Amino acid sequence: MFESLKTNPRSVILDTDIGPDCDDVGALAVLISYARQTGAPILGVCNCTSNLYGSAAIDVIRSHCGYDEFPIGMYARPGFYGSDNPDWTKYNRHLAETYCEKYKTGTLELLPHVSFYRRLLAGAADDSVVLITIGMFNNLADFLRSPADAISPLTGLELAEQKVHCLVSMAALLPRGREFNVVCDYRASRYVFEHFPRPIYLSDARLGGSISTGFTPQRAAELPGNPLVEAYQLYTAGREKNVGFNASFDLTAVQFAFEGEGELYSLTAPGRLNFYNEAPDRIPEPDATEFIPEENGRIRFMVKNVPDAVIAAALQERLDQFC
Ligand SMILES: [Ca+2]
């Protein structure tokens, strides 16, 4: 049985790509809503891209939601989904430049990703942390591979084994296919799925893709200066329909971490992810995954128990708390 954060309010670390899609902003707001309600503290939030606007957006959303006592980490290498592509800066640039004083004055404190994980986990009690990833796996893979250092005599894998209860991720496809968060750094993804020493629970891209949450343009006009609402408007601007609304991929992973199995979700039997190559003539290495049920497997996928509208309404209620 999955031990939800509502039942046992462990600390949470969120790892997000906050840029290529706007559901990361919604997921962070939902996390803060649940953290307040349950008392499960947010230990830290880490940006897995090289895009500084994303880190500033984390700061803006946490301030807006009134929960800013956690450190922010950031991928320490350049060139990974950075600020050079307009598709990755549709809303985070606006949030940074409009609302983030620390960004504007160059005083936003950011921990390099490996130190972020090592410091937070070294200081945590055993089995006390739930990791939630809603982006690529580069941060987590680098941390797991990290050797003992001045921060901790334990390796990354040993810290994860000792301090982390489980990993909840928005990633992969059930039963098989190529999914964005996995494909973007498939070597890192593979390392995590094959070596992460604790149970892994996945919200696959098909689960959240049909669950719509957001804010109508009319509502947005009534809520000027709300960075959460503006992120959704900017990200969806120019669409032919449903402007202001977006798929809820990342929000469902956060929701499951807190709600667990029950009214909304069940879990598949355990298994593992096998990497395969869908197009060996075009793709250099296996970057697609297929779920192989296996009695001693560490991975389970979430399954919806209720119609999309029920899950959407529960998520929307949490987003609306910050309007
Ligand atoms: Ca994401």
Side-chain angles (χ1 to χ4, degrees), residues 12-32 34 42 44-62 65 72-75 80-83 85-93 95-96 113 116 130-141 167-173 177-186 188-189 192-193 200-214 227-228 231-232 234-236 245-257 287 289 301-302 311 315 318-319:
V12 180
I13 293 176
L14 181 74
D15 198 303
T16 166
D17 57 337
I18 195 150
D21 199 324
C22 73
D23 62 332
D24 296 77
V25 172
L28 178 55
V30 167
L31 172 61
I32 292 173
Y34 270 118
I42 301 173
V45 176
C46 202
N47 173 5
C48 66
T49 74
S50 313
N51 189 343
L52 187 57
Y53 296 139
S55 301
I58 293 168
D59 181 60
V60 169
I61 295 299
R62 67 177 180 172
C65 297
I72 300 175
M74 181 170 169
Y75 188 54
F80 190 71
Y81 292 82
S83 56
N85 183 330
D87 285 346
W88 306 330
T89 60
K90 282 182 183 171
Y91 64 87
N92 50 23
R93 180 173 186 172
L95 263 50
H113 63 298
F116 169 90
V130 169
L131 296 186
I132 304 176
T133 71
I134 54 174
M136 307 77 162
F137 290 93
N138 48 314
N139 277 348
L140 191 47
L167 167 65
V168 180
S169 287
M170 190 275 118
L173 282 166
R178 300 179 73 231
E179 187 276 319
F180 182 79
N181 284 344
V182 173
V183 167
C184 285
D185 188 342
Y186 50 84
S189 310
V192 170
F193 289 129
I200 301 175
Y201 303 92
L202 298 178
S203 177
D204 88 312
R206 289 191 185 98
L207 186 147
S210 54
I211 299 170
S212 181
T213 45
L228 171 63
Y232 275 75
L234 288 167
Y235 184 73
T236 58
F245 284 83
N246 199 59
S248 304
F249 307 108
D250 294 349
L251 290 74
T252 63
V254 174
Q255 186 181 38
F256 176 78
D287 67 353
T289 58
F301 278 87
M302 292 158 50
I311 296 173
L315 291 170
R318 295 197 178 266
L319 295 179

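Order of appearance sets the numbers: ligands from 1, and atoms from 1 within every ligand. Each residue takes its place number in the sequence, starting with 1. All figures in this text were calculated on a predicted structure; none of them were measured in a lab.
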Check whether the side chains of N139 and D15 place a donor and an acceptor atom closer than 3.5 Å, and report yes or no.
yes
Is it the case that T133 and S169 place a side-chain donor and acceptor less than 3.5 Å from each other?
yes
Those residues at least two apart in sequence (or on a different chain) that pass salt bridge (Lys or Arg N to Asp or Glu O under 4.0 Å) with D287 are R178
Sequence-distant partners of A96, side chain to side chain contact (heavy atoms under 4.5 Å, CB included), two or more places apart:
Y53, A56, Y103
Using the test side chain to side chain contact (heavy atoms under 4.5 Å, CB included), find all partners of A57 that sit at least two apart in sequence or belong to another chain.
I18, N92, L95
Backbone N/O of G19 and side chain of Y91: donor-acceptor pair under 3.5 Å:
yes
Which atoms of the protein, restricted to N, O or S, are nearer than 3.0 Å to the Ca ion (ligand 1)?
D17 OD1, D24 OD1, D24 OD2, I134 O, D250 OD2
